[in-house]
Amino acid sequence: MKLATFNINGIKARIKALGDWLDEAQPDVVVLQEIKSVDEGFPREMFEERGYQVETHGQKSFNGVAILSKLPLEDVTRGLPGDESDEQARWIEATVVGDRTALRICGLYLPNGNPVELEADGTPVAGGKYAYKLAWMARLKTRAEALLAAEEPAVMLGDYNIIPQEEDAANPEKWREDALFRPESRAAWRAVVNLGFTEIIRTRMPAPGHYTFWDYQAGAWNKNDGIRIDHMLMTPQCADLVTDCGIDAGIRGREKPSDHVPVWVDLAL
DNA sequence: ATGTCTCGAATGTCGAGA
């Protein structure tokens, strides 16, 4: 079973590029981020024609996540628990039913967090975007703890908007004060990973220089000025199933690309 | 040194978000 994550930066602008990649890569399950569409406006037909079941959690203009699956999906839930007042569409879960085992999939679009606004004592300004990012990550940790406690195959994958370590950026210095790389962000990331998850790309592709995002600005792709911010965190029971993984970086160089590229894994499901 | 793209509201351009 091939599982992938892809921040598409707008479904309407990505119909051609996404369709081409699906036809070539042939993933069985894909989580999408930044669909930037309400559920009713999502072009589900182009995926259903290709044999995918489509589950969306959209909102107008911004954010929005989805799951495409050629395997049966069960128990679909929308929204990250822990804050009923949070109206941003950034989390969707479903159970993928395989021949041998089931896999809980959590597709996520973690808040960007910029601009970083801090009080004089260094605490994030309440109500600001950086405070929202860190609060969201605290809720993520709570959900992550429950997934681990279940001792079953589960994966949380998507656009984490986190550069975990220096080797995950071509030019770490220019990200030093950014919400994607600041110490508070990276500490919150480690607090989740260190609960006992396998970060599968780090584990299987440990060399530096594997990026998943290149900014549209300043010729970042041509200079390979990238960062690795799209990740997969697996419970031990899920990590045991992995047979291969990769990053489809090449599609960043095509016509009308997203600024992110797909990250994928093969699982003996 | 500079450099981009998407969406939506309001129009034929702009602000917000990333």
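Every chain is numbered from 1 and lettered A, B, ... according to where its sequence line falls, protein lines coming before strand lines. Every heavy atom of this structure was used, including side-chain atoms; hydrogens, water molecules and symmetry mates were not.
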CG/A:Asp99: more than 12 non-hydrogen atoms of other groups inside 6.0 Å: no
Report all interatomic pairs (protein N or O, nucleotide N or O of nucleotides 12-14 of chain B) with separations under 3.5 Å.
none

What N/O pairs connect the protein and nucleotides 15-18 of chain B at under 3.5 Å? Give each pair on its own line.
residue	atom	partner	partner atom	Å
B:dG17	O5'	A:Lys129	NZ	3.4
B:dA18	OP2	A:Lys129	NZ	3.4

Residue list, ring-ring contact (aromatic ring centres under 6.0 Å, His included) with [X], at least two apart or on another chain:
X	result
A:Phe213	A:His260
A:Trp214	A:Trp221
A:Phe42	A:Phe47
A:Tyr211	none

Of all residues at least two apart in sequence or in a different chain, which pass the side-chain hydrogen bond (donor to acceptor under 3.5 Å, both in side chains) check with A:Glu45? none
In chain order, what residues pass the salt bridge (Lys or Arg N to Asp or Glu O under 4.0 Å) check against A:Arg228, with sequence neighbours excluded? A:Asp168, A:Glu199
Suppose we screen for salt bridge (Lys or Arg N to Asp or Glu O under 4.0 Å). Which residues come up paired with A:Lys16, at least two apart in sequence or across chains? A:Asp20
What is the distance from [atom1] of [X] to [atom2] of [N], rounded to the nearest Å?
X	N	atom1	atom2	value
A:Phe42	B:dC7	CZ	P	12 Å
A:Lys12	B:dT6	NZ	C1'	10 Å
A:Ile8	B:dC7	CD1	C1'	13 Å
A:Glu255	B:dT4	CD	C1'	15 Å

Please state whether the phosphate of B:dT6, meaning OP1 or OP2, lies under 4.0 angstrom from any side-chain nitrogen or oxygen of A:Arg14. yes
Identify whether any heavy atom of A:Ala13 sits under 4.0 Å from a base atom; if not, whether one sits that close to sugar-phosphate; answer base, sugar-phosphate or nothing. sugar-phosphate
Start at the 5' end of DNA chain B and walk down; is the nucleotide closest to A:Gly10 or to A:Gly219 reached first? A:Gly219
